[in-house]
Trainee: 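Just passing along the structure, written as structure tokens.
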Amino acid sequence: MCLEIQYPSLTTLKKLKRRYGNVFSLYIGSRPVVVLNGLEAVREALVTRTAEFSGRPNHLMISDITEGKGVIMADFGSSWRDHRRFALTTLRNFGLGKRSMEERILEEVSHICSELERNAGSSMDPQHLFHLAASNIICSVIYGERFEYDNPVFLTLISRIQDLTKIAIGPWAMLYDIIPALRALPLPFKKAFHIYDEIKEHAQKAVTSHKSSRVPGEPRDLIDCYLDQIDMIGDGGSTFNDVQMVFLLIDLFVAGTDTTSNTLRCAMLHLMTNQHIQERCHREIEDVLEGRSYALFEDRHAMPYVQAMIHESQRMADTVPLSVFHKTSCNTQLQGYQLPQGTMVIPNLSSVLHEEGQWKFPQEFNPDNFLNEDGEFVKPEAFLPFSAGSRVCLGEGLARTELFLILVTLLRRFQFVWPEQEGAPNFRKVFGLAQAQKPYCLGVRLRSSQ
Ligand code: HEM
């Protein structure tokens, strides 16, 4: 046991794991927390004992802001279950793996290409572009429309979400979580609550306008589907209502943006600095697509090397290193330890994604981590960037489709090179709820064959 007065960094957790083993506890403020490291412990909690480990802690800043509503911070129970099932079904019906979702993504990819073409022959920081593109794909699912990259309403919404994220992963959120006595004081974390109210207002407006333009039974997007669901179930004891809808919309928007765009940035950084990997991907893409003008998600089965590169990018991106914190929903046990009901649990996904013994090359970017001796794509059990069990990321299907279609299209059309004037590349990350590469410049060259 040790005493922490702030959220531990990945380096601190690594040191503690070396000293205390794969399962240890520490205090965050006065709250006891159990940290799980390595595939065995994480899998036992999240998969084998999934019902016992699928709660969410309350009284963190982020759970207070979201009032435990929506999906991400909703505790294990009927509202979480109903909304999770609704969101998964709706995303699937909008074509995860089918054409219509692919069309939405491919439309966005064409806008990314236009932006990159404007920068061909020079270099640019891709952070903003990838962020807007990932947001836009979620917008198209939720609101039924995408926004131009210079639309002021869209840009304001994005910047408010960025402001909120900055506070949520910063020192004031930590103080809020650690010292409950501070919560009533007018300190900077109050701003996060105001920003969230503004974002809610935006979502509420979209719901109101959908109510006046919808045709019941003919959904155009996720909001229409939700309104149909309310009509169908009626008021009697249902967990579906306008308030929950707004929290769900924001959850999908927030969860689906940084995660995907940070993964793209990580992939690009490694591809620029490993030209042989980029060229091998390019050749495989050309061979499979031949004269076709665009890729489909099902093309992945014919592209083992590209698949391996994308999975390796996700492993190295390590985008949500400590998952979203869990909580035990009853008294339980794990790896021989007794855990009382209500214990906060941190699944250290990062420790699994780099665990010695699980990977051929745990610390380096190498697509061979996902290839067998015959060059076929294989996914090791320790590939858990989306977590596992009943809380596994509900946007996994969407994220995988996005990453594949975006990266395949871009690698076919452009060559990406490290701009030498930038000096040596920096692979270090900014640690947070969603971990990201430090800003860098992407050298863009248009391929002559296109
Ligand atoms: C590369 C992209 C992504 C990564 C690495 C990622 C990763 C994760 C992780 C680690 C969790 C926590 C799971 C747990 O609590 O054990 C999570 C939850 C979640 N993700 Fe994602 N995610 C990604 C993209 C998306 C997208 C595109 C969406 C939106 C459609 C999304 C929506 C959600 C939601 C709603 C949850 C909460 C699920 C629940 O509590 O039941 N994610 N994600």
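As the structure lists them, so they are numbered: ligands from 1, and atoms in each ligand from 1.
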Trainee: Provide, to 0.1 Å, the distance between atom 13 (C) of ligand 1 and the closest protein heavy atom, together with that atom's residue and name.
Mentor: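 I find the closest protein heavy atom is Arg391 O, 3.2 Å.
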Trainee: Pairs of nitrogen or oxygen atoms closer than 3.5 Å, one from Ser387 and one from ligand 1: do any exist?
Mentor: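 Among all N and O atoms of Ser387, at least one is under 3.5 Å from an N or O of ligand 1.
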Trainee: Go through the steps to decide whether Arg400 and Arg300 satisfy the test side chain to side chain contact (heavy atoms under 4.5 Å, CB included), and finish with yes or no.
Mentor: CA-CA 10 Å; Arg400 291 182 52 223; Arg300 70 192 185 283; 4.0 Å; yes
Trainee: May I ask you to identify the nearest protein heavy atom to atom 37 (C) of ligand 1, giving residue, atom name and distance to one decimal place in Å?
Mentor: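 Among all protein heavy atoms, the one nearest atom 37 (C) of ligand 1 is Ile72 CG1, 3.7 Å.
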Trainee: Has Lys14 got more than 12 heavy atoms of other residues, nucleotides or ligands less than 6.0 Å from its NZ?
Mentor: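 It does not: Lys14 NZ has 12 such atoms or fewer within range.
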Trainee: What about Thr319: any of its N or O atoms under 3.5 Å from an N or O on ligand 1?
Mentor: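 No - when backbone and side-chain N and O of Thr319 are compared with those of ligand 1, no distance drops under 3.5 Å.
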Trainee: Using distance alone, decide if ligand 1 has a nitrogen or oxygen within less than 3.5 Å of any nitrogen or oxygen in Arg56.
Mentor: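 Looking only at distances, the answer is yes, because the N/O contact criterion of under 3.5 Å is met.
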Trainee: Write out the residue and atom name of the closest protein heavy atom to atom 1 (C) of ligand 1, then the distance separating them to 0.1 Å.
Mentor: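 Sorting protein heavy atoms by distance from atom 1 (C) of ligand 1 puts Thr263 OG1, 3.5 Å first.
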Trainee: Check whether the side chains of Asp318 and Ser350 place a donor and an acceptor atom closer than 3.5 Å, and report yes or no.
Mentor: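 Per modelled atom types, Asp318 and Ser350 side chains form a pair under 3.5 Å.
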Trainee: Heavy-atom pairs closer than 4.0 Å: do any link ligand 1 to the side chain of Val141, the backbone, both, or neither?
Mentor: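 Neither; nothing of Val141 gets under 4.0 Å from ligand 1.
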Trainee: Looking only at side chains, do His210 and Asp221 share a donor and an acceptor under 3.5 Å apart?
Mentor: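 Side chains of His210 and Asp221: pair found under 3.5 Å.
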Trainee: Output every pair passing ring-ring contact (aromatic ring centres under 6.0 Å, His included) with a member in residues 305-324, not counting sequence neighbours, ordered by first then second residue.
Mentor: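 Passing the test, one end in residues 305-324: His311-Phe370, His311-Phe377, His311-Phe383.
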Trainee: State which residues pass salt bridge (Lys or Arg N to Asp or Glu O under 4.0 Å) with Arg160; sequence neighbours excluded, sorted by chain then number.
Mentor: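 Counting only residues at least two positions away or on another chain, Arg160 forms a salt bridge (Lys or Arg N to Asp or Glu O under 4.0 Å) with Asp163, Glu198.
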Trainee: Output every pair passing side-chain hydrogen bond (donor to acceptor under 3.5 Å, both in side chains) with a member in residues 240-255, not counting sequence neighbours, ordered by first then second residue.
Mentor: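 Residue pairs with at least one partner in residues 240-255: Ser79-Gln244, Lys211-Asp242.
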Trainee: Using a cut-off of 2.8 Å, find all protein N, O or S atoms closer to atom 21 (Fe) of ligand 1 than that distance.
Mentor: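 Near atom 21 (Fe) of ligand 1, the protein supplies Cys393 SG.
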Trainee: I need the single residue from Tyr440, Phe427, Phe416 that forms a ring pair (Phe, Tyr, Trp, His ring centres under 6.0 Å) with His270. Which is it?
Mentor: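 Only match with His270 under ring pair (Phe, Tyr, Trp, His ring centres under 6.0 Å): Phe427.
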Trainee: Please indicate whether any nitrogen or oxygen in His326 is less than 3.5 Å from any nitrogen or oxygen in ligand 1.
Mentor: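 Yes: some nitrogen or oxygen of His326 is under 3.5 Å from one in ligand 1.
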Trainee: If you measure every N or O of Trp80 against every N or O of ligand 1, does any of those distances drop under 3.5 Å?
Mentor: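 Yes, there is a polar N/O contact under 3.5 Å.
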Trainee: Can you tell me the protein heavy atom closest to atom 10 (C) of ligand 1 and the distance?
Mentor: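 Going atom by atom, the protein heavy atom closest to atom 10 (C) of ligand 1 ends up being Pro385 O, 3.4 Å.
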Trainee: Looking only at N/O atoms, are Ser323 and ligand 1 under 3.5 Å apart anywhere?
Mentor: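 Yes, Ser323 has an N/O under 3.5 Å of an N/O on ligand 1.
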Trainee: Ignoring hydrogens and angles, tell me if any N or O in the side chain of Asp75 forms a donor-acceptor pair with the backbone of Arg56 under 3.5 Å.
Mentor: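 Answer holds: yes.
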Trainee: Can you find a heavy atom in the side chain of Gln437 that is under 4.5 Å from one in the side chain of Arg428?
Mentor: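 SC-SC contact between Gln437 and Arg428 ruled out.
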Trainee: To check your reading of the model: name the closest protein heavy atom to atom 38 (C) of ligand 1, its residue, and the distance in Å.
Mentor: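 Atom 38 (C) of ligand 1 sits closest to the protein heavy atom Arg84 NH1, 3.5 Å.
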